[in-house]
Protein chains: 2
Amino acid sequence: MARDPAARPGPRQIDFLADCRARLGFDLLANTWSSVTLWALRDGPLRHGQLKESLGGIRTKVLTETLRRLEFNGLLRREERAGPTRVDYELTDLGRSLLGPIEAVGVWSQQYGDEVLAAQDRAETRAAG
Amino acid sequence: MARDPAARPGPRQIDFLADCRARLGFDLLANTWSSVTLWALRDGPLRHGQLKESLGGIRTKVLTETLRRLEFNGLLRREERAGPTRVDYELTDLGRSLLGPIEAVGVWSQQYGDEVLAAQDRAETRAAG
DNA sequence: CAGAATCCTTTACGATACTG
DNA sequence: CAGTATCGTAAAGGATTCTG
């Protein structure tokens, strides 16, 4: 989504529904690995292999796709350093500016994650019982 | 993702990579309509038709799926009110607690959305030219 | 090491038609 | 009004193999 050039111009506060621009960030993060990948790079550049290790179960192909997409959107930079087969990925300023919102979701998850799981259990019990 | 019962127990600060629980929120929001749907309900209950109108191009089926998923995860509540074929959807406390992080992403989008679009243009120009 | 290539499965999303 | 049913497409993700 997030396409509507003729969106209403006057946002009083934040109106996601009148200003599709406000949905752009969600589109950027609306897949399994984007947020975590950005987060993994918060302390500095990492290489493909290091990222793969940090991110757990991610597959080579999926990691490459994720990195390409994040690069396309200006959130990180791919840099071939000296030495053979040595490639670093690092956040751009734009990517770094997203760490705050990402952290907000992460903090929420840690605070309320148990409640979500409990709700899921309740829903499943209700459906099964 | 976000499944790993044997995750390391000692999170110093916020370590998404050592604590998969912290990724739960991203999983909840990792689709096109979840965030916007929750946001649309911030001012109070809405009915199916009202939501559909608010959310723009969403299809009946997709809206129903989105609502079911959000309900399953305890973020909103489906309530059949008095009167025939009258159903309200309203945020739970848990769902309401997610409005903050959602807003953080929305604010970021409004601040930096243009930069993302510019980066996309640059990437496309570089690829085409 | 950093990936590209290939194949497969699942899921999301969209479009249309129909119903209690 | 609030869906359900069905069909189709596309994208995401996973698994495996191969390469400069």
Side-chain angles (χ1 to χ4, degrees), chain A residues 1-4 20 23-24 26-38 40-41 44-73 75-90 120 127, chain B residues 1-4 20 23-24 26-38 40-41 44-73 75-90 120 127:
Chain A
M1 270 287 303
R3 340 254 161 256
D4 188 348
C20 284
R23 298 166 67 160
L24 213 159
F26 296 108
D27 291 345
L28 298 183
L29 303 177
N31 55 63
T32 309
W33 298 102
S34 292
S35 308
V36 214
T37 301
L38 293 174
L41 292 169
L46 289 178
R47 290 181 295 152
H48 183 102
Q50 297 174 305
L51 275 168
K52 194 175 176 196
E53 200 176 353
S54 296
L55 296 182
I58 194 170
R59 296 288 140 179
T60 302
K61 195 203 68 172
V62 178
L63 176 55
T64 301
E65 287 170 353
T66 302
L67 290 168
R68 292 286 187 279
R69 184 168 41 226
L70 293 172
E71 185 187 15
F72 177 81
N73 290 313
L75 300 176
L76 57 77
R77 193 169 20 239
R78 178 182 186 280
E79 287 202 42
E80 307 198 9
R81 305 278 185 197
T85 65
R86 159 109 198 185
V87 180
D88 278 341
Y89 294 93
E90 59 181 345
Q120 290 174 353
Chain B
M1 268 289 301
R3 340 252 161 258
D4 189 347
C20 284
R23 299 166 65 160
L24 214 158
F26 296 107
D27 290 346
L28 297 183
L29 302 177
N31 55 62
T32 311
W33 299 102
S34 292
S35 308
V36 213
T37 301
L38 293 175
L41 292 169
L46 290 177
R47 291 180 295 152
H48 183 102
Q50 296 175 305
L51 275 168
K52 193 176 175 193
E53 200 176 352
S54 296
L55 296 182
I58 194 170
R59 296 288 141 177
T60 303
K61 195 202 69 171
V62 178
L63 177 54
T64 301
E65 288 170 353
T66 302
L67 291 168
R68 293 286 188 276
R69 185 169 40 226
L70 293 172
E71 186 187 14
F72 176 82
N73 291 313
L75 300 175
L76 57 77
R77 194 167 20 239
R78 180 181 184 279
E79 287 202 42
E80 307 198 10
R81 305 275 185 198
T85 66
R86 159 108 197 188
V87 180
D88 279 341
Y89 293 94
E90 60 181 345
Q120 290 174 353

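Per chain, numbering begins at 1; letters A, B, ... match sequence-line order.
The nearest whole Å value for the distance from the CD atom in B:E79 to the C1' atom in D:dG3 is 18 Å. The distance from atom CZ of A:R86 to atom C1' of C:dA2 is 12 Å, rounded to the nearest whole Å. Separating the CG atom of A:L67 from the P atom of C:dC1 is a distance of 16 Å, rounded to the nearest angstrom. Going from atom CD of A:E65 over to atom P of C:dA5 covers 12 Å, rounded to whole Å. If you take CG of A:L46 and P of C:dC1, they are 14 Å apart, rounded to a whole angstrom. Separating the CZ atom of B:R59 from the C1' atom of D:dA2 is a distance of 16 Å, rounded to the nearest angstrom. The CZ atom of A:R81 sits 16 Å away from the C1' atom of C:dC1 (whole-angstrom rounding). Straight-line distance from the CD1 atom of A:I58 to the C1' atom of D:dG14: 11 Å, rounded to whole Å.
Projected onto DNA chain D by closest heavy-atom contact, A:T85 and A:A30 fall at different nucleotides, the more 5' of which corresponds to A:A30. Of the residues near DNA chain D, B:K61 and B:G49, the one whose nearest nucleotide (by heavy atom distance) lies more toward the 5' end is B:G49.
For A:R47, the side-chain atoms get nearest to C:dA2 when compared with the rest of C:dA2, D:dG3, D:dA12. Distance from the side chain of B:V87 is smallest to D:dA2 among C:dA4, D:dG13, D:dA2. Closest to the side chain of B:T64, from the set D:dT4, D:dG13, C:dG3, is D:dT4.
Enclosure of atom CD in B:Q120 by more than 12 non-hydrogen atoms of other residues, nucleotides or ligands within 6.0 angstrom is indicated. Around CD of B:E53, the count of heavy atoms belonging to other residues, nucleotides or ligands within 6.0 Å does not exceed 12.
Dashed line: the shortest gap from a side-chain N or O of A:Y89 to OP1 or OP2 of C:dG3 is under 4.0 Å. Contact between the side-chain N/O atoms of A:H48 and the OP1/OP2 oxygens of C:dG3 is found at a separation under 4.0 Å. A sub-4.0 Å separation between OP1 or OP2 of D:dG13 and a side-chain N or O of A:T32 is present. Between D:dA2 and B:R78, no contact under 4.0 Å exists linking OP1 or OP2 to a side-chain N or O. OP1 or OP2 of D:dG3 sits under 4.0 Å from a side-chain N or O of B:R68.
Note that CG of B:L51 is 8.5 Å distant from CD1 of B:I58, once rounded to the nearest 0.5 Å. Of the inter-residue distances, the one linking B:R47 atom CZ with B:T85 atom OG1 reads 8.0 Å to the nearest 0.5 angstrom.
B:T60 comes within 4.0 angstrom of a nucleotide base, judged by non-hydrogen atoms across all strands.
The pair B:R69-B:E65 fails the salt-bridge criterion, with no side-chain N (NZ, NE, NH1 or NH2) lying under 4.0 Å from an Asp/Glu carboxylate O.
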